[in-house]
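Note that these values count all heavy atoms, side chains included, but never hydrogens, waters or copies made by symmetry.
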Amino acid sequence: MTRNKGAMTVAEAGRRGGATTAQRHGPEFYEQIGKKGGRTTAARHGSDFYEQIGKQGGQKVKELYGPRFYGRIGKIGGDAVSEKYGHEHFEEIGKKGGQKVAELIARGRQAG
């Protein structure tokens, strides 16, 4: 975009305004307005709306990057969690998951 005698582009004005807002209010501000916007959206459209847009987003990512993409980003995320919390973390959550499955199976047997 071109400039005229010191005028700034809309994009530049937006960047400057965003930077000023971030400096004045900090990350907590964005967290608060994000939560407020999420609550408002849920009230207007219902919780099924998030499921719908999540599926649309996931489908678009799958179309753009292919189904293998999820495996790659899952590995990256798993490696990051492992580095941050250690191998023991996976053992702990695996045990918790196994215990939960055992409880559900026991409940199913009692009900059936």
Side-chain angles (χ1 to χ4, degrees):
M1 297 191 171
T2 60
R3 289 177 172 235
N4 295 334
K5 296 183 182 180
M8 70 175 78
T9 65
V10 172
E12 187 177 352
R15 272 193 299 279
R16 285 187 177 187
T20 301
T21 300
Q23 269 186 328
R24 277 192 194 143
H25 301 289
E28 297 83 14
F29 171 75
Y30 291 104
E31 185 178 333
Q32 289 172 352
I33 63 172
K35 286 180 181 178
K36 184 178 179 183
R39 285 192 300 270
T40 301
T41 301
R44 284 188 186 153
H45 301 287
S47 58
D48 292 343
F49 174 74
Y50 289 106
E51 183 179 342
Q52 179 186 355
I53 63 172
K55 285 180 181 176
Q56 289 174 349
Q59 186 61 37
K60 187 66 176 178
V61 168
K62 186 177 174 183
E63 289 170 10
L64 288 171
Y65 301 106
R68 288 183 168 175
F69 175 74
Y70 293 105
R72 288 195 305 270
I73 62 171
K75 180 168 178 6
I76 291 169
D79 290 346
V81 169
S82 182
E83 189 175 312
K84 185 173 182 177
Y85 297 107
H87 178 73
E88 298 79 21
H89 174 73
F90 290 104
E91 289 179 9
E92 183 181 327
I93 63 174
K95 286 178 187 173
K96 286 181 181 178
Q99 290 169 349
K100 184 67 174 180
V101 169
E103 289 172 17
L104 292 172
I105 290 171
R107 274 196 232 155
R109 286 184 179 150
Q110 288 174 351

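Contact check for Y70 versus K62: side-chain heavy atoms found under the 4.5 Å cut-off.
Interatomic distance, CZ of R109 versus CG of L104, reported as 12.0 Å (0.5 Å rounding). In this structure, CZ on R24 lies 7.0 Å from OG1 on T21, to the nearest 0.5 angstrom. Considering CD of E88 and NZ of K95, their distance stands at 10.0 Å, rounded to 0.5 Å. For the atom pair CD (E103) and CD1 (I105), the distance works out to 11.0 Å, reported to the nearest 0.5 Å. Atom CD of residue Q52 and atom NZ of residue K55 lie 9.0 Å apart, to the nearest 0.5 angstrom.
V61 and L64 fall within the same hydrophobic cluster, defined by Ile, Leu, Val, Met, Phe, Trp and Tyr side-chain heavy atoms under 4.5 Å apart, directly or through other members.
Surrounding CD of Q59 are more than 12 heavy atoms belonging to other residues, nucleotides or ligands, all under 6.0 Å away. Within 6.0 Å of atom OH in Y85, 12 or fewer heavy atoms from other residues, nucleotides or ligands are found, so the atom counts as exposed in its surroundings. Summarising the local packing, CD of E91 is surrounded by more than 12 heavy atoms from other residues, nucleotides or ligands at distances under 6.0 Å.
The other residues sharing a hydrophobic cluster with I53 are F49, Y50, where clustering joins ILVMFWY side chains under 4.5 Å apart.
Nearest heavy atoms, E12 versus M8: OE1-CB, 3.7 Å. Residue Y65 comes nearest to R72 through the heavy atom pair O-NH2, 4.3 Å, listed as atom of the first residue, atom of the second, then distance.
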E92 and H89: CA distance, side-chain angles, deciding distance, side chain to side chain contact (heavy atoms under 4.5 Å, CB included) verdict: CA-CA 5 Å; E92 183 181 327; H89 174 73; 5.5 Å; no

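Formation of a donor-acceptor pair under 3.5 Å by the S82 side chain with backbone atoms of G78 is not found in this model.
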